[in-house]
Asker: 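Once you've had a glance at the structure underneath, I'll fire off some questions.
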Amino acid sequence: MYRTHTCGELRIENLNQPVTLSGWVQRVRNLGGMTFIDLRDRYGITQLAFNMETAPQLCEQARKLGREYVVKVQGKVAERSSKNLKIATGEIEIVVSEIEVLTKSEIPPFTIEDETDGGEELRMKYRYLDLRRNVVREGLELRHRLANATRNYLDKQKFIEVETPVLIRSTPEGARDFVVPSRLHEGHFYALPQSPQVFKQLLMVGGFDKYYQIVKCFRDEDFRADRQPEFTQIDCEMSFIEREDILSIFEGLIKHLFENVKGVKFDSAFPRMSYKDAMNLYGSDKPDIRFGMPFVEIDEVAKNKGFKVFDDAEYIAGICAEGCSEYSRKDLDALTEWVKRPQIGAKGLVYVKCNTDGTFKSSVDKFFTPEQLSTWAEKMNAKQGDLLLIMSGNRKQTQNALGELRLEMGNKMGLRKTNHYAPLWVVDFPLLEWDEESKRFFAMHHPFTSPNKEDLQYLDTDPARVNANAYDLVINGSEIGGGSIRIHDKDIQQKMFDILGFTKEEAEYQFGFLMNAFRFGAPPHGGIAFGFDRLVTLFAGLSSIRDIIAFPKNNSGRDVMIDAPATIDSKQLKELNLSILKQV
Ligand code: ASP
């Protein structure tokens, strides 16, 4: 028998009990007369004690053990003379009577400690060692608890988990597909699902009115901290429902998770905001509403006063940073440089300090009188001691840039606390997005999203003004989930494909199976999918989804541990009828 207890289990109540423990040697401390070992497993750490006087041989043996050796010990539980109340087993130690090395270990390439000396790349290469660290283990445990709580909630609501295939053909979620060549069907390729979208809709046609799946999705996109080429969704679909049903069931899910996994209770309903308001007030379709600082348009009071930059601008708006009038020239220059970085892309930043003595100091003092500046302050609800930060230009770009600045100010002012959760439903997205480059519409969500009923009349005449019956769940500025009520009518779906520029043949080739299914009685349906990795990251208070994935890819999409992607040999290529075109 390898163990009677885990390394996190023994307490003072177990005093004098004979026990057997197995685990990894975290640390050996040789204090001369006594030697102590911290023995670690998934559940915690237990101190092993060796006495040079009473058991010199054992003690010698213990001193020779290296970090990360796997050992089995037998001994008796004893009370510690100096207790460590920071750990659950800190009142006891094991007086060891027998020790057996199960496997030796080489010196690990980085320390298996909370504060490790290993950089990210090294830890990823030896991820199995990294997994022994508390923070990684805790992340995966949290992930497991969230998955479990999700399943419990949805099961109670009569959802059933159905698996959908991974080798499929292209699904339109707006990203590039990963493709897999078929050996048996020369020149043909499977695509990996960007989501189970079409399958879950077909399950609705198949009569499974409440489906969910915790499922891997694959999108060949550029990397960011909150993206991985393969990621996990809680994917859901329901029949015979309206938007309200979906929002209420899934608001229930999120509340259930917060309450059961995090002990956070939301007493009221999540607020809702239209896409239009989100853009106008926060410059983002995923606003962080942990703090206010909404945009205020000041065209009315700032335009046509002789300041050319404003006079030529389509849009002038600003935010009011409370209590920041003391910002120094240096701080403001740094902010201006910050907004001018290519990632933000603003041309400049106008500031107005509303000083505590009632005066104003601004970067545009040459163009505006103090009286004029005071009308801006009034419009922006500023008090003495506040700082106004104003941008102007093309509406869309300026809103984006001002949105970024708002978040940066939120960070600087400490308004984005990780333990404060501010969920928000964003609703009424536009159905379509015009792409100037290709001169065509794209579906803002995906082509199966239903237009709002009252906008259906504009589908032919003015598609750009049609809103979608779509919704996103945003928490703390991160898009945690999104979905829509679907089109279930064959003709409307056909029209949607037309608007998106598919010829009849293309639509038939790509989505013929779905259109066919809609010929046989499709129930009204809709659904949502949550980014499970993002949700876990949020719950863990971490910033990168890599931290809560057991074996993640690095930021250029590589698994550096198994060294993937990798080349394949010529025999495999031949079997697949593929050849590599060398770039010249
Ligand atoms: N399939 C969608 C997505 O992955 C979610 C949905 O519409 O249910 O974003």
Side-chain angles (χ1 to χ4, degrees), residues 2 6-8 22-27 38-45 65-71 101-148 150 166 178 180 192 214-234 261 418 478 531-568:
Y2 285 109
T6 69
C7 295
S22 289
W24 285 263
V25 172
Q26 171 93 11
R27 220 171 283 128
D38 283 347
L39 191 69
R40 184 197 68 236
D41 67 9
R42 199 186 114 193
Y43 306 92
I45 282 185
L65 299 178
R67 274 200 281 148
E68 301 307 311
Y69 274 39
V70 183
V71 298
V101 174
L102 300 175
T103 17
K104 291 185 174 176
S105 168
E106 289 181 23
I107 295 173
F110 53 86
T111 52
I112 316 277
E113 303 279 351
D114 290 356
E115 298 296 327
T116 175
D117 58 357
E120 166 118 3
E121 197 75 9
L122 191 64
R123 286 188 288 109
M124 288 305 148
K125 186 164 161 65
Y126 297 92
R127 181 64 164 174
Y128 43 86
L129 296 181
D130 203 27
L131 290 174
R132 294 182 190 167
R133 293 174 56 236
N134 285 327
V135 28
V136 188
R137 177 181 43 74
E138 282 162 10
L140 292 181
E141 285 171 354
L142 175 67
R143 188 180 177 107
H144 164 76
R145 285 202 303 282
L146 272 167
N148 245 351
T150 301
V166 171
F178 281 104
V180 179
L192 303 183
I214 298 186
V215 63
K216 272 284 171 73
C217 303
F218 307 86
R219 295 182 193 177
D220 188 359
E221 291 179 299
D222 293 336
F223 291 97
R224 287 202 215 132
D226 60 353
R227 274 198 192 146
Q228 283 270 301
E230 52 178 307
F231 59 96
T232 307
Q233 285 190 342
I234 308 172
V261 180
T418 40
S478 172
F532 188 56
D533 311 279
R534 285 189 195 168
L535 196 65
V536 185
T537 311
L538 178 85
F539 270 59
L542 297 168
S543 55
S544 165
I545 65 170
R546 282 204 286 274
D547 297 335
I548 49 78
I549 295 174
F551 298 105
K553 310 274 185 286
N554 73 3
N555 56 8
S556 57
R558 293 197 73 82
D559 183 325
V560 290
M561 182 181 64
I562 60 169
D563 203 13
T567 52
I568 56 174

Asker: Say whether, by atom type as modelled, one donor and one acceptor occur between the side chain of Thr150 and the main chain of Leu146 under 3.5 angstrom.
Answerer: yes
Asker: Does the side chain of Val71 reach to within under 4.5 Å of the side chain of Leu65, using non-hydrogen atoms?
Answerer: yes
Asker: Kindly write out the residues that satisfy ring-ring contact (aromatic ring centres under 6.0 Å, His included) with Tyr69, not counting sequence neighbours, or none if the list is empty.
Answerer: none
Asker: Kindly write out the residues that satisfy side-chain hydrogen bond (donor to acceptor under 3.5 Å, both in side chains) with Arg137, not counting sequence neighbours, or none if the list is empty.
Answerer: Asn134, Glu141
Asker: Checking the side chain of Arg145 only, and the main-chain atoms of Val261 only, is there a donor and an acceptor separated by less than 3.5 Å?
Answerer: no
Asker: Return the set of residues passing side chain to side chain contact (heavy atoms under 4.5 Å, CB included) with Asn148 (not counting sequence neighbours), or none when no residue passes.
Answerer: His144
Asker: Taking C-beta and beyond as the side chain, do Arg132 and Trp24 meet within less than 4.5 Å on heavy atoms?
Answerer: yes
Asker: Where do Val560 and Met124 come nearest, in terms of heavy atoms and distance?
Answerer: CG2-CB, 3.5 Å
Asker: Is it true that atom NZ of Lys125 has more than 12 heavy atoms of other residues, nucleotides or ligands lying nearer than 6.0 Å?
Answerer: no
Asker: Could you pull out all residues at least two apart from Thr111 that satisfy side-chain hydrogen bond (donor to acceptor under 3.5 Å, both in side chains)?
Answerer: Asp117
Asker: For Asn555, enumerate each residue passing the side-chain hydrogen bond (donor to acceptor under 3.5 Å, both in side chains) test, keeping only those at least two apart in sequence or located in another chain.
Answerer: none
Asker: For Arg133 and Asp114, indicate whether the former's side chain and the latter's backbone hold a donor-acceptor pair under 3.5 Å.
Answerer: yes
Asker: With side chain to side chain contact (heavy atoms under 4.5 Å, CB included) as the test, would you mind laying out the steps for Glu230 and Phe178 before giving the verdict?
Answerer: CA-CA 10 Å; Glu230 52 178 307; Phe178 281 104; over 6 Å; no
Asker: Counting C-beta onward and ignoring hydrogens, is there a side-chain heavy-atom pair between Thr6 and Arg42 closer than 4.5 Å?
Answerer: no
Asker: For residues 531-544, which residue pairs pass the salt bridge (Lys or Arg N to Asp or Glu O under 4.0 Å) check, not counting sequence neighbours?
Answerer: Arg143-Asp533, Asp226-Arg534
Asker: Is there side-chain contact between Glu68 and Val25, with heavy atoms separated by less than 4.5 Å?
Answerer: no
Asker: Mind checking whether Thr537 and Ser544 have side chains closer than 4.5 Å, heavy atoms only?
Answerer: no
Asker: Test of understanding: with side chain to side chain contact (heavy atoms under 4.5 Å, CB included), list the residues that count as partners of Cys7, not counting sequence neighbours.
Answerer: Leu39, Asp41, Thr46
Asker: Output all residues satisfying side chain to side chain contact (heavy atoms under 4.5 Å, CB included) with Leu131, sequence neighbours left out; order by chain, then residue number.
Answerer: Arg127, Val136, Leu140, Phe551
Asker: Please name all residues satisfying salt bridge (charged side-chain N to carboxylate O under 4.0 Å, His left out) with Arg219, sequence neighbours left out, ordered by chain then number.
Answerer: none
Asker: Say you draw a straight line from OG1 of Thr232 to CD1 of Ile549; how long is it, rounded to the nearest 0.5 Å?
Answerer: 6.5 Å
Asker: How about Val166 and Phe218: do any of their side-chain heavy atoms sit closer than 4.5 Å?
Answerer: yes
Asker: Among all residues two or more places apart in sequence or in another chain, which pass the side chain to side chain contact (heavy atoms under 4.5 Å, CB included) test with Tyr2?
Answerer: Ser22, Lys72, Leu102
Asker: Give the intermediate values and the outcome of side chain to side chain contact (heavy atoms under 4.5 Å, CB included) for residues Arg546 and Gln228.
Answerer: CA-CA 8 Å; Arg546 282 204 286 274; Gln228 283 270 301; 3.4 Å; yes
Asker: Between the side chain of Arg558 and the main-chain N/O of Pro565, is any donor-acceptor distance below 3.5 Å?
Answerer: yes
Asker: Tell me whether Gln233 contacts the main-chain N or O of Ile214 through its side chain, where contact means a donor paired with an acceptor under 3.5 Å.
Answerer: no
Asker: Please report the closest heavy-atom contact between Phe532 and Ala147, naming both atoms and the distance.
Answerer: CZ-N, 3.6 Å
Asker: Below 4.5 Å, heavy atoms only, C-beta onward: do Arg67 and Pro108 meet side chain to side chain?
Answerer: yes
Asker: Quick check: do Asp130 and Phe110 have side-chain heavy atoms less than 4.5 Å from each other?
Answerer: yes
Asker: Using the rule given for side chain to side chain contact (heavy atoms under 4.5 Å, CB included), can you reason through Leu535 versus Ile234, listing the C-alpha separation, both sets of side-chain angles and the distance that settles it, and then say yes or no?
Answerer: CA-CA 10 Å; Leu535 196 65; Ile234 308 172; 4.2 Å; yes
Asker: Identify, with sequence neighbours excluded, every residue that meets salt bridge (charged side-chain N to carboxylate O under 4.0 Å, His left out) alongside Lys104.
Answerer: none
Asker: Under the side-chain hydrogen bond (donor to acceptor under 3.5 Å, both in side chains) test, which residues partner Glu221, sequence neighbours left out?
Answerer: none
Asker: May I have the step-by-step check of side chain to side chain contact (heavy atoms under 4.5 Å, CB included) for Asn554 and Glu121, ending in yes or no?
Answerer: CA-CA 8 Å; Asn554 73 3; Glu121 197 75 9; 3.6 Å; yes
